[in-house]
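Letters go in sequence order (proteins before strands), and every chain restarts at 1. Keep in mind that this is a model prediction, so the values were computed, not measured.
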Amino acid sequence: MPPLVTRFAPSPTGHLHIGGARTALFCWAFAKKSGGRFMLRIEDTDAARSSLESARGIIEDLHWLGIVNDLGPFIKPDGTIGQHDWEPNSGRPPVGEYFQARRVAIYNAYLERLITSGRAYPAFDTNEETEKQRAAAVAAKQTYRYPRPADIEFGKYTPAMQERWKRAEAGERHVVRFAAPNEEIVVHDEVLGDVRYAPGEMDDFVIRKADGFPTYHFAVVIDDETMGVTHVLRAQEHLNNTPRHVALQKALTHPDGTAFRIPLYAHMPIICNMDASKMSKRDKAKAARKAAKDAMAKDKSVTAESLIEAMNAQSSKQQSSNQGTSQGTSAVGADLSLLPAFLSGDNDNVQVAEALAAHFKIALPEIEVWDFKKNGYLPEAICNFVALLGWNPGLKTPDGKDLEKFDNAFLASHFGLDRIGKTASKFDRNKLLSFNADAINGLSDEEFAKRWREWCTEFEPAFAQKLDGVDSPSQREGAGGRVLSSPSSPRWLALAKAVKARAKTLRDGVKSSAFVLRDDAATDFDPAAVEKNLKANNNQGLTLLRTAFERLQGVDEATWNAATLHALIEQVGQQAGTGLGPVSQAIRVAIAGAAVSPPLGESLAVLGRRSSLARIDTCQKTLAT
RNA sequence: GCGGGCGUCGUUCAGCGGUAGAACGUCAGCCUUUCAAGCGGAAUGUCGGGAGUUCGAUCCUCCUCGCCCGCCCCA
């Protein structure tokens, strides 16, 4: 009996979309649960938009999420792309290629059979012609369907048809269209039930483009069949494509005459933004465009040209200052000549959007898995959260609550099609954040320290280097820009402990640790904090600070740790009769420049004796007057 | 316009014939050296609207409204 096979089939035109991640996760979980195989296939038939880099990125994103495919491409330790294929005794022939662009010969072979059965024909209309007809139909508020040419007879390979093929073979530019059947098509869906499409709904859609590549519809059907895919799980936006696929499956045959099988379909709900629009990569473009438009409306001197100039200047500056440390930070590699068209809404180029966002210092919505990674989300939190978008285990926790915290292993043993919902889900970022905070808190201090440090090294290199104790550029270069000291670096661990409980994301950890980066001689103290915590009550804070400073000086390097420092500060507070609070705040402002920092003992410990004392000293001198 | 799908607290989801539960968010409380976190609480829903079937409907039927998706030589 052939195994159950699911597949995730992204087109490599950018990073992995969060919705794609859910689809992949469900496909993976379903295959695992059923003892089947999970396949990855790359749909790169759009030569202009596809790139190998994107394919690689998507595979990496999936791997990061813990979604590992049994079949199809993977990245080898040496960085090259390899392929898992059906093994010789699996009962299935090897697939060979999992990139569609390399399978064109296969599609053409099947197309040949469709031609001779009178179910496919070349069409010579130019793009402009069909576009004009479509526009006319829209203007007349009518449904556009490509009209089948009069000389085409459904299911017959007629002389007229042969005539068309002669023109095509002579090199005339053409597409190939599928002669759609005039019959009701029923899509059996595991989630939605039977979905019926009336006869005449479907027109003769294109199955091979003028460049010789198959369209999505054709490639999908051939691939799913020839690769052994048994279950197609995808988002509901594909539902209306399915009758086309079913019609194709019914029309297609193998060389030995056997028919195609129709896989089991399961369409899962769409993931929407909180405003109920579909969550898509275009949302980034929308946000960036809005920022630019707002700026231009406010200030007439801001134009596309001035923006390009400013952004170019910015990017060259960044490049020189980022030398050797730009690991993970996306270089401003946008083609800014696209900007005018971008602003008018004629393209949604992500690089342009990101460049604009950097220029206006706005945050683009997180849409792709990489965005979430960059902003400090943990893969387990993303998987858990995303799994709940359109599915739930229907189980209770021991104390009677709905079970909603689980890992991928749980999914692999509990996921089923029967509990997939039908309603579109809104992507509630607050809830994700809460899941992420819980995931972070569920980590041991050591594990958190390790992962936080890895993340910082990639996304906050300046911070990571500071904490690694590597300050000079020469040291950096010596290790190729990626310095990793001992994995259990005590500074990292100390700071990690201090930061973990309050961090909802890994990036939060950096934010609340920003004081570490402060210059020991910095004199910019938050005025409000100074007023409240140092100068109020006749310089009470400063007095306490002086006392504390003297006592701290008495602590030597060896005993400079969170516990002893905390005890000492507490003592100072007691002796002064003020309690811990005022003393803490005074010191906090002195060492952090603001009224907020991680717990003081930890903060002082992480800073170290020398820096801590230097900062307090600076503070006292600055405010002495 | 045509086709398809969907409508349960603000949000994600349970419940599927006996007038609704959880989580996130919100609010106040406790704790507290700041900010958080944590803990224990509270509020929030005429189950989109109308009609029908039924002793009884969020759950079944019909109608209606709303929202979303698709209608590319994109996938």
query = Dot-bracket for RNA chain B, 5' to 3', with Watson-Crick and G-U pairs under 3.5 Å, [ ] for crossing pairs and | for other-strand pairs: what is it?
reply = (((((((..((((....[..)))).((.((.......)).)).....(((((..]....))))))))))))....
task = Ignoring backbone atoms, test whether R234(A) places a side-chain nitrogen or oxygen under 4.0 Å from the OP1 or OP2 oxygen of rG70(B).
result = no
request  = Find the distance N127(A):CG to rC74(B):P and express it as a whole number of Å.
outcome  = 8 Å
ring-ring contact (aromatic ring centres under 6.0 Å, His included) partners for F124(A), two or more places apart = none
query = Using a cut-off of 4.0 Å between protein heavy atoms and nucleotide atoms, how would you tag nucleotides 28-35 of chain B 5' to 3' with B, S and -?
reply = -----BBB
request  = Mind calculating the distance between NE2 (H245(A)) and C1' (rG70(B)) to the nearest angstrom?
outcome  = 12 Å
ask   = Is there a donor-acceptor contact under 3.5 Å linking the side chains of N273(A) and D283(A)?
value = yes
Distance between P atoms of rC24(B) and rC6(B) (Å, rounded) = 30 Å
request  = Hey, could you give me the NZ/OG1 distance between K132(A) and T126(A), rounded to the nearest 0.5 Å?
outcome  = 9.0 Å
request  = Rounded to the nearest angstrom, tell me the gap between atom CE in M268(A) and atom P in rG5(B).
outcome  = 18 Å
request  = Classify every nucleotide of nucleotides 6-19 of chain B by which part a protein heavy atom approaches to under 4.0 Å, writing B for the base, S for the sugar-phosphate alone and - for neither, in 5'-to-3' order.
outcome  = SS--BBBSSS----
inquiry  = Need one value for D125(A): base, sugar-phosphate or nothing, where a base atom within 4.0 Å counts as base even if backbone is also close, heavy atoms only.
reply    = base
task = For side-chain contact (heavy atoms from CB on, under 4.5 Å), just list the numbers for F218(A) and L114(A), CA-CA rounded to whole Å, side-chain angles, deciding distance to a tenth of an Å, and then say yes or no.
result = CA-CA 11 Å; F218(A) 195 61; L114(A) 226 41; 3.8 Å; yes
ask   = What distance, rounded to whole Å, do you find between the two P atoms, one in rU26(B) and one in rA14(B)?
value = 24 Å
task = Round to a whole Å and report the spacing from CG of D204(A) to C1' of rC72(B).
result = 16 Å
request  = Kindly state each residue pair satisfying salt bridge (Lys or Arg N to Asp or Glu O under 4.0 Å) with at least one member in residues 213-226 of chain A, sequence neighbours excluded.
outcome  = R7(A)-D224(A), R41(A)-D223(A), R41(A)-D224(A), R103(A)-D223(A), E225(A)-R261(A)
Under 3.5 Å, sequence neighbours excluded: what are the donor-acceptor pairs made by side chains of residues 8-21 of chain A?
residue, atom, partner, partner atom, Å
H17(A), ND1, G19(A), N, 2.8
H17(A), NE2, M279(A), O, 3.0

message = Going by salt bridge (Lys or Arg N to Asp or Glu O under 4.0 Å), name the pairs with one or both residues in residues 235-248 of chain A, residues two or more places apart or in two chains.
response = D203(A)-R244(A), E237(A)-K278(A)
message = If I pick the C1' atom on rU61(B) and the same atom on rG21(B), what distance separates them, to the nearest angstrom?
response = 27 Å
inquiry  = For R518(A), is the CZ atom crowded, meaning more than 12 foreign heavy atoms sit under 6.0 Å from it?
reply    = yes
request  = Using a cut-off of strictly less than 4.0 Å between a heavy atom of the residue and any atom of RNA chain B, enumerate the qualifying residues of residues 40-51 of chain A by number.
outcome  = E43(A), T45(A), D46(A), R49(A)
Report all side-chain donor-acceptor pairs from residues 579-591 of chain A shorter than 3.5 Å, counting only partners two or more places apart or in another chain.
residue, atom, partner, partner atom, Å
S584(A), OG, L580(A), O, 3.2
Q585(A), OE1, R588(A), NE, 2.6
Q585(A), OE1, R588(A), NH2, 3.4
Q585(A), NE2, A595(A), O, 3.3
R588(A), NH1, S597(A), O, 3.2
R588(A), NH1, S597(A), OG, 2.9
R588(A), NH1, P598(A), O, 3.0

query = Base, sugar-phosphate, or nothing: which does R208(A) touch, judged by heavy atoms less than 4.0 Å apart?
reply = nothing
key: Spacing of the C1' atoms in rG7(B) and rA36(B) (rounded, Å)   = 38 Å
query = Taking the P atom of each, how far is rC9(B) from rG5(B), in whole Å?
reply = 22 Å
inquiry  = Given rA75(B), rA36(B), rG25(B), identify the nucleotide with an atom nearest to the side chain of A501(A).
reply    = rA36(B)
message = Here's a test of your reading of the structure: between A198(A) and D211(A), which maps to the more 5' nucleotide of RNA chain B?
response = A198(A)
task = Could you tell me whether V175(A) contacts a base, only the sugar-phosphate backbone, or nothing, with contacts defined as non-hydrogen atoms closer than 4.0 Å?
result = base
task = Please determine, by modelled atom types, if D125(A) and Y146(A) share a side-chain donor-acceptor pair under 3.5 angstrom.
result = yes
request  = Apply ring-ring contact (aromatic ring centres under 6.0 Å, His included) to Y377(A) and list each qualifying residue two or more places apart in sequence or on a separate chain.
outcome  = F372(A)
request  = Counting heavy atoms from C-beta on, name the nucleotide in rC73(B), rC68(B), rG25(B) closest to the side chain of S434(A).
outcome  = rG25(B)
message = Please give the distance between the P atoms of rG17(B) and rC60(B) as a whole number of Å.
response = 9 Å
task = Whole angstrom is fine here: how far is it from NE2 in H217(A) over to P in rC73(B)?
result = 9 Å
request  = For F525(A), enumerate each residue passing the ring-ring contact (aromatic ring centres under 6.0 Å, His included) test, keeping only those at least two apart in sequence or located in another chain.
outcome  = none
ask   = Is H267(A) touching bases, backbone alone, or none of the nucleic acid, heavy atoms closer than 4.0 Å?
value = nothing
Side-chain N or O of R145(A) closer than 4.0 Å to phosphate OP1/OP2 of rC71(B) = no
request  = With P as the reference atom in both, quote the distance from rG15(B) to rU8(B) in angstrom, rounded to an integer.
outcome  = 14 Å
inquiry  = Taking only the P atom of each, what is the distance from rG70(B) to rA75(B) in whole angstrom?
reply    = 15 Å
task = Please work out if D203(A) contacts a base, only the sugar-phosphate, or nothing of the nucleic acid, heavy-atom cut-off 4.0 Å.
result = nothing
message = Just the rounded figure in Å: distance from P of rG38(B) to NZ of K504(A).
response = 8 Å
query = Stepwise, does the side-chain contact (heavy atoms from CB on, under 4.5 Å) test hold for Y197(A) with V246(A)?
reply = CA-CA 11 Å; Y197(A) 294 86; V246(A) 171; over 6 Å; no
query = Could you give the CG-to-P distance, from D399(A) to rG40(B), as a whole number of Å?
reply = 10 Å
inquiry  = Going by side-chain hydrogen bond (donor to acceptor under 3.5 Å, both in side chains), name the pairs with one or both residues in residues 561-575 of chain A, residues two or more places apart or in two chains.
reply    = R551(A)-Q571(A), R551(A)-Q575(A), N561(A)-T564(A)
key: Gap between atoms CZ and P, on R244(A) and rG3(B) respectively (whole Å)   = 16 Å
task = Step through the shown structure and confirm whether more than 12 heavy atoms of other residues, nucleotides or ligands are within 6.0 Å of NZ on K281(A).
result = yes
Distance in Å, R451(A) CZ paired with L378(A) CG, rounded so as to fall on 0.5 Å steps = 4.0 Å
